[in-house]
Each structure stands twice: as structure tokens, then as C-alpha cells.
There are 2 protein chains.
Amino acid sequence: MAISNSNNRFSSKLTSQCQNCSLSALCLPIALADEDVNRLDQIIERKRPLKKGEILFHQGEEFDSVFAVRTGTLKTYNITNSGEEQITGFYCPSELVGLSGIDENHYPVSAKALETTTVCEIPFAHLEQLSSQIPSLKHQLFRLMSRKICDDQQMMVLLGKKNADEKVASFLLNLSHRFKKRGYSATAFRLSMSRGEIGNYLGLAVETVSRVMTRFQKNGLIDVDGKEISIINLPEMEKLVGSAGECATIEHV
Amino acid sequence: MAISNSNNRFSSKLTSQCQNCSLSALCLPIALADEDVNRLDQIIERKRPLKKGEILFHQGEEFDSVFAVRTGTLKTYNITNSGEEQITGFYCPSELVGLSGIDENHYPVSAKALETTTVCEIPFAHLEQLSSQIPSLKHQLFRLMSRKICDDQQMMVLLGKKNADEKVASFLLNLSHRFKKRGYSATAFRLSMSRGEIGNYLGLAVETVSRVMTRFQKNGLIDVDGKEISIINLPEMEKLVGSAGECATIEHV
DNA sequence: GCGAATATTTGATCTACATCAGCGAGTCAA
DNA sequence: TTGACTCGCTGATGTAGATCAAATATTCGC
């Protein structure tokens, strides 16, 4: 769980900037010239950390900002008419939350911290304005939204076509890829969400998630210790999933 | 199935324009000034109609354009590693297809015509460029992508949480809403997709779709005659679904 | 560090929906 | 018109995973 800039993980509002953020290569500033990063930086507000369980925004609230996760994890979820929660996504550092609010000018989901989490608030009106002046920022925004569409559609395939084993394997590999991209280990990580939340997200009962993970462990695919996961047999896991588990199609990875 | 501008449905490349397209209020030109519609119009290429079964673009192909459906219907689908088709969406007139290709510069899905279908091709590089000059166009693009994200997440909820009855009811009501928005009847319409395609999209077996629809008919909810559907008891259908079946949350419809 | 609340695991049973199979109707090419 | 397909419907049967139940294990407030 080492992170290269661990000493500024909870740095103050004043010192943290895109320029010296280890995530800038994955986040919005990607492909921006230094001076443009500065301009972006100026519209971003660093917020105090959210404690576990705290809500970043509520379903139905007026939309005004998107948020980049800096540290920690968020989940977004809907409350269905029957009162149940349906989790629609988990968000790791560098990922953008809230894009679904642009259309109706209200957030259609709520976002809650799964652990202590810091975010950068990016007022969307400013971001949009700035994106007019910085074409590469606009392009990056289009790309991020496109990727989200793409990822969500992969999720639809998962929910519609895959069985419990494939769902859980896809989920773990997806996390693995995201951690790897961020410089963490691809094979050993900590789940910030509960079994219940995993099941909710994957369209499975808690018990099923638990059973599948136990079976994976028995078969030497993974090692489970509570929330700590080690992927022992990555090739076998990938075979189980079939595809990359991310948006990428085979042809152009 | 009457359409207000029926006499120019298959009009030539030269005469059809955004300006006199009945869909302009729903499509990209929404909220654009007349002169800006003209500019948009100039980058759009009207294509010859696709026949049923023809492919607009293939999964893996290089991305260069998004397409607005003018008449007819498209489906987008993935071929999974196990060789099955997974349908990820159906597209009605005025809806934009291909946005998921922006991120990786390749289409992650294929798009196929379900019936004779005409589309407007919008080269994305041009569109993006134009969007720098026309803020309201850029905003409309963001909104459309945001709405897609939102809709896809509603679909995830459907696939993850709903039973067969709720899935089919949601599907029919969703189509109903989309037809209504386009000036068609909300209660009587023709399904351009087969039962198999509906099942594939909803994560159900063909037989289940068929059984559910027969049962709905028996219970006086709908009237089914092959591909022709009439919704008899709209309130009851809505009760079955619970929510609006679209992205909208209750608070701000 | 203690005890209550909550999360996870495991086993037994149930069920919604898939799968398999067979039939009738519509479509199309020759 | 006929035969070959494809599509939709219905009945019988099988099963993956839900649900119910209960025993740990963990977390958290104090």
C-alpha cells in the first residue's frame, strides 16, 4: 500500500496542487501544458477529508461540481423506489465522480465515502468555461465521459450475461487493473467495500459473494484474509473472465 | 407511425438539413442559434439508408464519427469472448450512436440496423472543433454524454435488481417514453427488435420474454400482436416498474 | 479493553428463470 | 406452391443462485 507521495496525502488546501499531485498523469490534467495545469488548478477546491460513511452529494441535489478522488474510495448509489440501495460504481483515486449530473443539473445518484477520502471539487461551470479555452482539456473531458460510457456498458454485459464466478472474478481483476495503473500492486490489495456492497454492485447476494471467494481461495486462485485480497493465479483468473475486464476490446489493447 | 415530415424521410443528401429536420429539437441542434445550426449542418454527412441487418460500424474499427439516427432503429452490441452477442443499446431517431468510441479512438461495439435506417454522420474531429466555437453545442454534447451515462446506470440497476416482469415492463415503458418524446403514440407502437434481441438486452431468455408478454396480455396490461404493442393499462405498468424507467429521478422530472 | 452491533461465513432449502423440446405461423426463394 | 428458415409460443424439467437460519468473526462506541 505504499504510495510515492505518501507524505502529502492529507496535505492542506494550500499546498496541494495538480502540479505536484502524483495522480495528475491519470486525472484531468493529463496532456495539459504546465500553464494550463495552473489554470485548471485555480478553479479546483480541495476539500476537507470525508470520514467513512460521509456523503459527498445526495441523489436529487443540484449539480454544480464534479469531484476527483484524491485518496480513499467512494461509492455512488441509487435508492430505488422500493427503498433498496443499488450501487452503481466505486471510485478510486484520480477517478471523476458526478458526471452523470450534467444532463439534468441534478445528481441522479448519491456519493458516499467508503473510508476516509479526500476529493478535489471542480465546479463544472468553471471547468466547462476553461475547456473552451483549452482544447486538450475539452478533449480529455470528452474522453473521460466516453470511457465512463464504455465502462458502464461493460458492466451491463457483466450483469446481463455473466455467472457468479465470472462476476466476482471480473470485479477483482477490474480493481487489480485500476490499482496497477495507479502504481499499487496488481496482485495484493485491500477491498474498501464490504461483501454486501460487492454483492449489491454485482447483482449477487452477500452469501454468494462469500461462497465464490471462499471457493476461489480453495482452488488457489486468490488468498483472502478479510478485506485483504491476494491474487495468486492471475492467468487462471483472467481465463475465468475471458476478456480484459475493462472497457478495452481485444483488438486494440 | 405517421411522422410530420414523412415526405422527406428518405430525401436526398442535398435537401435534408438540420434546419428542416423534425428531430432538431431533440438532437444536437437543440438550443443552437440559427447560424450555428447552419455551421453544424455543414459538417454533417447524410448517408444512404442502411438496409435491415447492415452494419454501420464494427467493434474494433477506428472511431471517426458519431451518428444521429434519422429514421429507423439501430442496435449496438458486443461480441463477448465466448462468441455470444450482447446487445448494449437500441437507438431511436434523434439519438446519438458511437460516443463510446471517443476514449480509445476505436468503437468498442458494433452498430447494426434493425430495419431500414438513415443516419447523419458527424465527423467527431469537426464536431469537437466546432464545439470550441459554439459553447452551447459543447454544452449539449456534455449533456448528451451525461445522459447516456445516466441511462446506462439505470440499465445497470435494471439488470442487477429487477425480475423478469419488471425488466420487460421497464423496457416497454422506456420505449413508450422515447416514442412519446418524438411525437408518436406512447401507447401503441411497433417493436423493431425481435423477442430474442429484447431478451438478450434484458438478460433474459427468449422464452421468458415471450411468457412475460403473454402474461401481461392475459392480465390486461398490454395488447400484443406480433411486433405491434399497445399499452392498455399504463398506470399499472408504471406501478410494476416503480420508477420512471428513464434516467430521471423522482425529484426533478 | 468490553460488550453490542455489524459483517462474514457456512449449511439447508426454495424458486425464478434457464434450458430443452416440440409446434404453429410467417417469410422467402425458386 | 412448396420446402427451408426463422420466429414466437408453450409445456416439462433442471439448476444457479436467492433466501432462510444460525454460528463465528470483526468493528466500534465507550
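Here is the naming used below: chain letters follow the sequence lines, and residue numbers restart at 1 for every chain. What you see is a predicted model, and the numbers here were worked out from it, not measured in a lab.
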Engineer: How is A:S194 classified with respect to the nucleic acid when contacts are heavy atoms under 4.0 Å: base, sugar-phosphate, or nothing?
Structural biologist: sugar-phosphate
Engineer: For B:L221, does its backbone N or O pair with a side-chain atom of B:E236 as donor and acceptor, under 3.5 Å?
Structural biologist: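 No; zero donor-acceptor contacts below 3.5 Å.
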Engineer: If you restrict it to nitrogen or oxygen atoms, what contacts under 3.5 Å exist between nucleotides 18-20 of chain D and the protein, and what is each distance?
Structural biologist:
| from | atom 1 | to | atom 2 | distance (Å) |
| --- | --- | --- | --- | --- |
| D:dA18 | OP1 | A:G203 | O | 3.4 |
| D:dA18 | OP1 | A:A205 | N | 3.3 |
| D:dA18 | OP2 | A:A205 | N | 3.1 |
| D:dA18 | OP2 | A:T208 | OG1 | 2.2 |
| D:dT19 | O4 | A:R211 | NH2 | 2.9 |
| D:dC20 | N4 | A:E207 | OE2 | 3.0 |

Engineer: Using side-chain contact (heavy atoms from CB on, under 4.5 Å) as the criterion, list what pairs up with A:F179, not counting sequence neighbours.
Structural biologist: A:L175, A:Y184, A:F189
Engineer: At their closest point, which heavy atom of A:F90 faces which heavy atom of A:E197, and how far apart are they?
Structural biologist: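 The answer is CZ-O, 3.9 Å.
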Engineer: Of A:D165 and B:G196, whose closest DNA chain D nucleotide lies nearer the 5' terminus?
Structural biologist: B:G196
Engineer: Can you pull out how bent the helix from C:dG1-D:dC30 to C:dA30-D:dT1 is, comparing the axes over its first five and last five pairs, to 10°?
Structural biologist: 60°
Engineer: Once you measure the plane-to-plane angle for B:F67 and B:Y107, does it fall in the parallel (<30°), tilted (30-60°) or perpendicular (>60°) bin?
Structural biologist: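 Answer is tilted, since the angle falls between 30° and 60°.
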Engineer: Could you run down the sub-3.5 Å N/O contacts of the protein with nucleotides 26-30 of chain C?
Structural biologist:
none

Engineer: Name the pairs: protein N/O against N/O of nucleotides 23-30 of chain D, kept only if under 3.5 Å.
Structural biologist:
none

Engineer: Does B:K227 have more than 12 heavy atoms from other residues, nucleotides or ligands lying within 6.0 Å of its NZ?
Structural biologist: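 Enclosed.
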Engineer: Evaluate the side-chain proximity of A:V241 to A:K162: yes if any heavy-atom separation is below 4.5 Å, no if none is.
Structural biologist: yes
Engineer: Sequence neighbours excluded, which residues qualify as salt bridge (Lys or Arg N to Asp or Glu O under 4.0 Å) partners of B:K51?
Structural biologist: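 Salt bridge (Lys or Arg N to Asp or Glu O under 4.0 Å) check on B:K51 returns nothing, list empty.
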Engineer: Looking at C:dT10, I'd like to know if its phosphate oxygens (OP1 or OP2) sit under 4.0 Å from a side-chain N or O belonging to A:T214.
Structural biologist: yes
